[in-house]
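Beneath this line is the structure, given in structure tokens, with notes to follow.
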4 protein chains.
Amino acid sequence: MTFFIDTLSGVPIYRQIIEQIRYAVARGELKPGVQLPTVRQLAVDLSINPNTVVRAYRELEIEGLLDSQQGSGTFISSKEVEIDEGERRRMIDQITTELMIRAAAYGFTPDDLVEALRHRQETST
Amino acid sequence: MTFFIDTLSGVPIYRQIIEQIRYAVARGELKPGVQLPTVRQLAVDLSINPNTVVRAYRELEIEGLLDSQQGSGTFISSKEVEIDEGERRRMIDQITTELMIRAAAYGFTPDDLVEALRHRQETST
Amino acid sequence: MTFFIDTLSGVPIYRQIIEQIRYAVARGELKPGVQLPTVRQLAVDLSINPNTVVRAYRELEIEGLLDSQQGSGTFISSKEVEIDEGERRRMIDQITTELMIRAAAYGFTPDDLVEALRHRQETST
Amino acid sequence: MTFFIDTLSGVPIYRQIIEQIRYAVARGELKPGVQLPTVRQLAVDLSINPNTVVRAYRELEIEGLLDSQQGSGTFISSKEVEIDEGERRRMIDQITTELMIRAAAYGFTPDDLVEALRHRQETST
DNA sequence: GTGGTCTAGACCACC
DNA sequence: GTGGTCTAGACCACG
């Protein structure tokens, strides 16, 4: 997989990595057993500090999404990570809330957001 | 105006204040010349440190949205702050992008988001 | 005399009053014995707090430029205020220093300042 | 770069830092990408509180002149900060106006100022 | 009373 | 190690 890091967004790098891996798994691009880039390799590729990669991998390992095997590498965990449906529900609620507030601060209505989302879908199709 | 601070969200308090004021001005609730709560008063109301309020007010003053007058108080700036339309466009793009990535990390599609937004609107009607 | 107060400049109001009186005296517009507006009158005229006028007058009285006479008003002092020549020298040095630094922060050279000053003189002639 | 703080001038410390950085950038001493002293280091060097440095850096970051990267340091922003020529013009006007008023309060004419500026240039040559 | 500045020191997030 | 945020409390400038 390819990563895209935006150092200007203010979003921590390790978090960007985490979310992109989670996303890739969620949509099936990364299947159980697949090997991820090594810590050092990814650090070089993204021109970032290896510790940052370590931190992202470790957090996903704790979560159960990855399996790090000493000496051989890091892999997508075979055991499906079931996210509790209630938790998932709360998650999308939290996300929409935060972003409605942020959009509202610039005078955007929820309708504007919906339109922007639709526009994104069309252009990326 | 009334403020609502969520200390658990991870969003800095001063930033929450900034966005709520920006929002109130954007939707016309706070008009030019109107006085904001004093630094000390708002600090007491929100049970936070006065310096935190100072910081929020100061940032908005630099931006030109507020006018602080030593000895008399802090007011909504009389000069309209023109937000460049291009900038506003970039803003909603950035917001929706972040929204989509974070949602995708939990397996939500843009359609799920639109639905969540619609649901919000209906329930709040 | 007429006063001009700029509340947006950041320069304290009482200081603007002080400097304008000092200036008027320096160039001979206000001669010894002349009565200044009463505190209340000036406060009303400039739409400011009477205490602000009191402060300006008091500071000039301490300096010896004004004489406040209980019950009758405030007057330009009859005794010439001799400013020590050394002090005057230090004053202009301090002023030029501060303003060269401030101008330099925006990339202006002393030559730019000289030119700007000359331009002022011509346009105001 | 080296900083010089004058605690007796009445000019806030954080503002002195801001102007000296702005100046150094304006005259090309600090180029894009160059790292500034760390917050703690500069605080020690100048014998001031780290928060005061933070405040100066922060203001310049909002302005776009600096980039602060958590964990690595504070740098001169790569993106050139375009100062609008009209704004620059207004700036020197405001500065010279203030200079002339303050000088006039002590009986100095614009010519005296020009002379003082010239004198400065010669002696510093 | 108002806001402005500074200090001292804490804890967190990130690299 | 770096910067980011917040608190507590001081003193000053201003109206």
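Proteins come first, then strands; the chains are lettered A, B, ... in the order of their sequence lines, and each starts at number 1.
- One N or O donor and one acceptor, one from the side chain of B/Asn51 and one from the base of F/dG9, sit under 3.5 Å apart.
- At the phosphate of F/dG3, OP1 or OP2 sits under 4.0 Å from a side-chain N or O atom of D/Thr74.
- Computed from coordinates, the D/Ile48 CD1 to E/dG9 P distance equals 16 Å when rounded to whole Å.
- Annotation for D/Ile5 and D/Gln20: closest pair CD1-NE2, 4.5 Å, computed over non-hydrogen atoms.
- Both B/Val54 and B/Gly71 sit near DNA chain E, but only B/Gly71 has its closest nucleotide nearer the 5' end.
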Check your understanding: What's the verdict on side chain to side chain contact (heavy atoms under 4.5 Å, CB included) for D/Arg27 and D/Tyr23, showing C-alpha distance, side-chain angles and the deciding distance?
Key -> CA-CA 6 Å; D/Arg27 69 169 196 268; D/Tyr23 180 27; 3.0 Å; yes
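- Going from atom CG of D/Asn49 over to atom P of E/dC6 covers 10 Å, rounded to whole Å.
- Nearest-nucleotide mapping onto DNA chain F: of D/Ser72 and B/Tyr14, the residue sitting toward the 5' end is D/Ser72.
- Atom CZ in B/Arg40 sits about 15 Å away from atom C1' in F/dT7, given to the nearest Å.
- Look at D/Ser68 and you won't find any side-chain N or O under 4.0 angstrom from OP1 or OP2 of F/dT2.
- Rounded to whole Å, the distance from CZ on A/Arg55 to C1' on F/dT2 is 13 Å.
- Using Watson-Crick or G-U wobble geometry with both donor-acceptor distances under 3.5 Å, F/dC14 finds its partner in E/dG1.
- A cation-pi arrangement is present between B/Arg88 and A/Phe108, with the terminal nitrogen or guanidinium carbon under 6.0 Å from the aromatic centre and inside a 45° cone about the axis.
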Exercise for review: Decide side chain to side chain contact (heavy atoms under 4.5 Å, CB included) for A/Ser68 and A/Thr74; before the verdict, give the C-alpha distance in whole Å, the side-chain angles of both, and the deciding distance to 0.1 Å.
Suggested key: CA-CA 4 Å; A/Ser68 283; A/Thr74 302; 3.4 Å; yes
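- Between the CG atom of B/Asp6 and the C1' atom of F/dT5 there is a distance of 16 Å, rounded to whole Å.
- Between the OH atom of A/Tyr57 and the P atom of E/dC14 there is a distance of 18 Å, rounded to whole Å.
- For the pairing with B/Arg22, the salt bridge (Lys or Arg N to Asp or Glu O under 4.0 Å) check across B/Glu59, B/Glu63, B/Glu29 returns one residue only, B/Glu63.
- Taking atom CD1 of D/Ile5 as the reference point, atom P of E/dC6 lies 9 Å away to the nearest angstrom.
- Checked against E/dC6, F/dC6, F/dT2, the side chain of B/Pro12 finds its nearest nucleotide in F/dC6.
- Spacing between atom CD of D/Gln70 and atom P of E/dC15 amounts to 7 Å, rounded to whole angstrom units.
- OP1 or OP2 of F/dT7 lies within a sub-4.0 Å distance of a side-chain N or O belonging to B/Thr52.
- Phosphate contact (OP1/OP2 of E/dG4, side-chain N/O of D/Arg15, threshold under 4.0 Å): absent.
- Looking at which nucleotide of DNA chain E each of B/Gln35 and B/Arg58 is closest to, the 5′-most match is held by B/Gln35.
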